[in-house]
There are 2 protein chains.
Amino acid sequence: MVTVMGGSVLDKLLAISDLFQRDMARAFAGTPLTPARVAVLWTLQLHGCSTQQALAGALDVSARNISALVDALEANDYVHRTPHPSDRRAVIVKLTPMAEELMETMQREHAALGTTLLAAVASADIPAFERGIDAVIARLTELVAAEADEPEKKGTTP
Amino acid sequence: MVTVMGGSVLDKLLAISDLFQRDMARAFAGTPLTPARVAVLWTLQLHGCSTQQALAGALDVSARNISALVDALEANDYVHRTPHPSDRRAVIVKLTPMAEELMETMQREHAALGTTLLAAVASADIPAFERGIDAVIARLTELVAAEADEPEKKGTTP
DNA sequence: TATTGTTATACTCTATAACTATA
DNA sequence: TATAGTTATAGAGTATAACAATA
């Protein structure tokens, strides 16, 4: 099942999305980690540390949601909160040493997966493949931005 | 934000997934439709009609979940339930005429989007791009299947 | 007054387990 | 006994709105 080979390019890209999501969900089964929580950890690794406000902005979710995600991560010792040195309203969220190690491993595996996937593409095709991906992202970004501006439109749904 | 240009191929594929999800979520904002409910409608359009059991199998979710999704769709007049002609335990779920029209529109837009995205790729690159996508799907499918078999492994998470 | 985070509330997606009706 | 669907319960992601403390 979930064998979507033989559809349009769009179907194939959607199939790739689906495979990523399933793989992600299964990789963290049995741990307190979930895709949303991993996204928080990922952001923290990139930024070093962060206020919750900054996390909410980076992940584009509500402050309320970040509170809950950080609560869960803190309860499982992936992050800890410390007071902000100058702004007493804010807290600084930081990876624990355990989570830092985990994220380094995750980053290595992420890089390895990227290499593996690219290696599956015929070497002669790689440049054209990369250009194609870039072109699709650029076009898709345009479309999403355009639709976000238009107030109505996208009227496919009653 | 969400501007991930300039990462690895893997990052780019993940960015495409993210763009799809955001676009989808926004396209149905303000309607009772959600990605999970649309997936049910999509499956029904492909199959004509279906028992809930078959829907659960096709979407790979629990029977309980399908019950809730069909409840919501039925309450909003996207589908209706009718008794199965020969098996009195089962129900047949079918699109309403309104939903059938909606899905036809959606399918047209889906096709148009596919065309638009492919048109963004340089025509000389298209064959290599398509081969690349196929190769990535094949490899990714292998990896997911392999990991699903192994009982332990994937030990990146404590 | 504006901002940071939390509490309160609500919806959705999802799963497992127990139960009913039917095969 | 096995299967189709529902009820019960629970955890997770998400949002808005109201509120506290602090800028």
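Chain letters run A, B, ... following the sequence lines, proteins first, then strands; residues in each count from 1.
Leu69(A) comes within 4.0 angstrom of sugar-phosphate atoms only, judged by non-hydrogen atoms across all strands, and of no base.
Looking at heavy atoms from C-beta onward, Asp18(A) lies out of side-chain contact with Leu14(A) at the 4.5 angstrom threshold. Residues Asn65(B) and Leu69(B) form a side-chain contact, since some pair of their non-hydrogen atoms from C-beta on lies under 4.5 Å apart.
Under the rule for a salt bridge (charged side-chain N to carboxylate O under 4.0 Å, His left out), the partners of Glu74(B) that lie at least two apart in sequence or sit in another chain are Arg81(B). Residues satisfying the salt bridge (charged side-chain N to carboxylate O under 4.0 Å, His left out) test with Arg131(B), not counting sequence neighbours, are Asp125(A). Qualifying side chain to side chain donor-acceptor pair (under 3.5 Å) partners for Ser17(A), counting only residues two or more places apart in sequence or in other chains: Ser17(B). For the side chain to side chain donor-acceptor pair (under 3.5 Å) test, residues two or more places apart in sequence or in another chain that qualify with Asp87(B) are Arg89(B). For Arg64(A), there are no salt bridge (charged side-chain N to carboxylate O under 4.0 Å, His left out) partners, not counting sequence neighbours. Applying the salt bridge (charged side-chain N to carboxylate O under 4.0 Å, His left out) rule to Glu142(B) yields the partners Arg139(B); only residues at least two apart in sequence or on another chain are considered. Partners of His80(B) by side chain to side chain donor-acceptor pair (under 3.5 Å), not counting sequence neighbours: none found.
Comparing the start and finish of the helix from dG5(C)-dC19(D) to dA23(C)-dT1(D), five pairs each, the helix axis swings through 0°, to the nearest 10 degrees.
Between Ala68(A) and Ser86(A), the one whose closest nucleotide on DNA chain D sits nearer the 5' end is Ala68(A). If Ile92(B) and Val61(A) are placed on DNA chain D by their nearest nucleotide, the residue sitting closer to the 5' end is Ile92(B).
Taking atom CG on Asn76(B) and atom C1' on dC11(C), their separation rounds to 13 Å, with Å as the unit. With rounding to whole Å, Arg26(A) atom CZ is found 15 Å from dA15(C) atom P.
Legend: side chain to side chain donor-acceptor pair (under 3.5 Å) pairs involving residues 113-123 of chain B, not counting sequence neighbours: none detected.
Listed for the Thr43(A) side chain is no donor-acceptor partner under 3.5 Å among the backbone atoms of Leu55(A).
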Counting primed atoms, P, OP1 and OP2 as sugar-phosphate and everything else as base, the B/S/- map of nucleotides 16-21 of chain C against protein heavy atoms under 4.0 Å is B----B
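Think of the region where chain B sits on DNA chain D: with heavy atoms and a 4.0 Å cut, that region ends 5' and 3' at dA2(D) to dA8(D).
The phosphate of dT3(C) has neither OP1 nor OP2 within less than 4.0 Å of any side-chain N or O from Gln53(A).
Nearest heavy atoms, Trp42(A) versus Gln107(A): CH2-CA, 4.1 Å. The shortest non-hydrogen separation linking His110(B) to Ser8(A) is NE2-OG, 4.4 Å.
Residues from residues 36-51 of chain B with heavy atoms under 4.0 angstrom of DNA chain D, sorted by number: Thr51(B).
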